[in-house]
There are 2 protein chains.
Amino acid sequence: MTPSSFRTWQSVQAEVLRRIHARDWKPGDLIPNEADLAVEFGCARATVNRALRAVAETGLLDRRRKAGTRVAAQPVAKATLEIAVIRHEVEARGDTYDHLLIERHYLTPPLAISGAMRTGSTEKLLHVRALHLAEGAPYALENRWINMRVVPEAMNEPFDRVSANEWLLQHAAYTHGDIAFSAIQANGADADSLGIAENSAVLAIDRLTWNREASVTKVQLLFTPGYQLRTGL
Amino acid sequence: MTPSSFRTWQSVQAEVLRRIHARDWKPGDLIPNEADLAVEFGCARATVNRALRAVAETGLLDRRRKAGTRVAAQPVAKATLEIAVIRHEVEARGDTYDHLLIERHYLTPPLAISGAMRTGSTEKLLHVRALHLAEGAPYALENRWINMRVVPEAMNEPFDRVSANEWLLQHAAYTHGDIAFSAIQANGADADSLGIAENSAVLAIDRLTWNREASVTKVQLLFTPGYQLRTGL
DNA sequence: TATATCTTTATGTGCATACATAATAATCTG
DNA sequence: CAGATTATTATGTATGCACATAAAGATATA
């Protein structure tokens with residue numbers, strides 16, 4: 001057995017993945033420690049560390065100090081969805097993008113909204129409803145609430161040329177947020193805006209973002225039937 | 001200005017994030033190079049590199065050799081969904097899990113399936129339909145095709161005690177795969193199995209996994225109405 | 001002027017070493 | 001023997017250095 005040379009962390013990663021896929025290292029198995037692998041691969045421990053860390057991030061390895069590194073018994077598939085600005089998403093498909101502001105009001109929101117956004121129950125928020133179009137056809141419907149205490153500049157923004165979707169990314173930073181994906185039946189108004197039959201199944205993306213302790217914006221995007229959110233594994 | 005000391009890559013990362021959130025570094029801005037930041041933070045360049053790499057992975061920074069590092073003008077939100085074994089997902093919510101095999105046949109699949117899986121149009125595949133239950137109520141419907149040429153051991157597996165969902169993770173490794181999320185209206189048979197009204201909107205997860213050049217399995221999971229796939233940002 | 005080549009620069013990576021830290025294993029102690 | 005203490009060990013990370021590499025910019029060439 002030649003002390004085969006894997007000098008880059010990528011090649012070490014590839015070899016580690018090969019061994020896992022070839023079931024040379026089976027689910028649940030404890031693999032050799034970094035120092036031993038470094039000797040075997042003919043590289044520095046830091047290089048092995050970098051490779052193992054990368055594999056562990058995909059969920060295929062479990063690492064614990066002292067306990068060592070083992071192949072995940074039941075790897076949790078991690079699908080990373082890239083939620084881009086809708087204009088970019090549409091243009092990336094080679095379609096022409098367009099945007100239509102439906103309504104824009106400054107008003108007291110329903111309790112469900114002020115509750116989720118932790119704004120006062122009587123505090124007014126900016127409400128924007130807009131339609132995103134691809135090749136002239138409805139693509140997604142945006143229903144958004146904006147916390148004016150956090151993004152006061154939004155008050156002067158008409159959102160007719162630049163969508164709120166895009167404007168906020170440029171003008172309002174967030175520290176964290178939640179996102180949820182679900183299937184819902186389009187109600188009358190929404191179905192109407194999207195130009196689809198009432199009760200059609202549409203994919204909904206609900207996002208709520210925060211800046212420190214304050215909510216920035218809460219948005220629901222409804223995509224026309226047939227829309228698929230895809231990614232690799 | 002004290003040469004404030006950020007000695008760990010996490011603290012450097014936190015400081016970088018702080019500057020971005022505080023709009024000290026605005027979207028589109030070029031930030032100082034690693035060497036300069038290392039001097040400013042009083043740490044090694046490798047430490048700065050580690051921190052910036054981590055931030056770049058979240059999409060908040062764009063890094064290019066020679067061009068330097070700049071704050072993403074329109075950060076692409078990356079939502080990492082962890083798709084676990086359904087039993088674990090249910091048990092993690094504190095619910096009792098159960099599993100019901102509906103059918104299991106070895107037959108020639110529709111062309112749409114053999115086409116996607118790149119198996120011969122006359123090649124038989126193992127077809128499994130099963131219902132996952134949480135607290136006795138339908139949770140998700142699994143509709144799966146398994147490539148027996150890749151996982152021949154599946155032939156002897158009844159899938160009545162252990163779900164195909166779980167068994168495959170233990171017994172069949174995959175090198176890569178695709179996953180898609182969409183909203184569809186449940187057809188008669190599916191609605192029936194899930195115990196919901198026909199045409200109800202259900203969230204569908206379609207997954208196709210491969211081992212090198214060969215498809216391993218193609219599966220569609222339909223979740224009962226109301227189901228939300230959530231994660232942080 | 002258009003194109004090719006060189007130079008410069010910022011990030012990307014490897015290595016050897018040292019020490020930190022968490023968690024297990026071994027040992028001691030009442 | 002239970003429980004507390006200590007030792008051991010594998011991963012985690014910081015450092016300084018060297019060199020690789022991509023890409024922008026400068027320069028040379030046809």
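Per chain, numbering begins at 1; letters A, B, ... match sequence-line order.
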Closest nucleotide of DNA chain C for Ala46(A) versus for Asn33(B): which of these residues is on the 5' side?
->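 Whichever sits nearer the 5' end wins; that is Asn33(B).
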In whole angstrom, what separates [X]'s [atom1] from [N]'s [atom2]?
{"X": "Arg50(A)", "N": "dA14(D)", "atom1": "CZ", "atom2": "P", "answer": "14 Å"}
{"X": "Arg7(B)", "N": "dT15(D)", "atom1": "CZ", "atom2": "P", "answer": "7 Å"}
{"X": "Glu34(A)", "N": "dT9(D)", "atom1": "CD", "atom2": "C1'", "answer": "12 Å"}
{"X": "Arg53(A)", "N": "dA14(D)", "atom1": "CZ", "atom2": "P", "answer": "10 Å"}
{"X": "Leu37(B)", "N": "dT15(D)", "atom1": "CG", "atom2": "P", "answer": "14 Å"}
{"X": "Gln13(B)", "N": "dT13(D)", "atom1": "CD", "atom2": "P", "answer": "11 Å"}
{"X": "Gln10(A)", "N": "dA20(D)", "atom1": "CD", "atom2": "P", "answer": "16 Å"}

For residues 71-98 of chain A, pull every pair meeting ring-ring contact (aromatic ring centres under 6.0 Å, His included), keeping only residues two or more places apart or in separate chains.
->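 Found Tyr97(A)-His132(A).
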Residue pairs fulfilling ring-ring contact (aromatic ring centres under 6.0 Å, His included) with at least one residue in residues 143-163 of chain B, sequence neighbours excluded =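 Listed by first then second residue: His127(B)-Trp145(B), Phe159(B)-Trp167(B).
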Tell me whether the OP1 or OP2 atom of dT11(D) has a side-chain N or O from Thr69(A) closer than 4.0 Å.
->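 Answer is yes, contact under 4.0 Å.
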Are any of Asn49(A)'s side-chain N or O atoms less than 4.0 Å away from OP1 or OP2 of dG12(D)?
->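 Result: yes.
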Taking the nucleotide of DNA chain D with the closest heavy atom to each, which residue, Thr47(B) or Arg63(A), is nearer the 5' end?
->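 Looking at DNA chain D, the more 5' nearest nucleotide goes with Arg63(A).
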If the condition is side-chain hydrogen bond (donor to acceptor under 3.5 Å, both in side chains), which residues does [X] pass it with, not counting sequence neighbours?
{"X": "Arg65(A)", "result": "none"}
{"X": "Thr69(B)", "result": "Arg63(B)"}
{"X": "Thr58(B)", "result": "none"}
{"X": "Arg87(A)", "result": "Glu91(A), Glu166(A)"}

Using chain A heavy atoms and a threshold of under 4.0 Å, write down where along DNA chain C the contacts begin and end, 5' to 3'.
->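 First and last nucleotides in contact are dT13(C) to dT24(C).
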Determine yes or no for a side-chain-to-main-chain donor-acceptor pair under 3.5 angstrom, with Asn211(A) supplying the side chain and Ala173(A) the backbone.
->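 Yes, the answer is positive, given that a donor and an acceptor are paired below the 3.5 Å cut-off.
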Would you please name every residue forming a salt bridge (charged side-chain N to carboxylate O under 4.0 Å, His left out) with Arg129(A), sequence neighbours left out?
->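 Checked Arg129(A) against salt bridge (charged side-chain N to carboxylate O under 4.0 Å, His left out); matches are Glu103(A), Asp190(A).
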Please list, chain by chain and in numerical order, all residues satisfying salt bridge (charged side-chain N to carboxylate O under 4.0 Å, His left out) with Glu157(B), sequence neighbours excluded.
->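 By the salt bridge (charged side-chain N to carboxylate O under 4.0 Å, His left out) rule, Glu157(B) matches no residue at all.
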Taking only N/O atoms, report every protein-nucleotides 23-27 of chain D pair under 3.5 Å with atom names and distance.
from: dA24(D); atom 1: OP1; to: Arg64(B); atom 2: NH2; distance (Å): 2.5

Side chain of Arg45(A) (C-beta onward), nearest among dT11(D), dC19(D), dA14(D) =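 Of the options given, the side chain of Arg45(A) lies nearest dT11(D).
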Charged N to carboxylate O under 4.0 angstrom, Glu89(A) versus Arg93(A)?
->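 Salt bridge: no.
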Which residues within residues 54-62 of chain A lie with some heavy atom under 4.0 Å of an atom in DNA chain C?
->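 Per residue number, the list is empty: none.
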Which donor-acceptor pairs under 3.5 Å do side chains of residues 24-31 of chain B form with protein atoms, sequence neighbours excluded?
from: Asp29(B); atom 1: OD2; to: Lys26(B); atom 2: N; distance (Å): 3.0

Glu213(B) atom CD, neighbour heavy-atom count above 12 within 6.0 Å =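 At most 12 heavy atoms, drawn from other residues, nucleotides or ligands, come within 6.0 Å of this atom.
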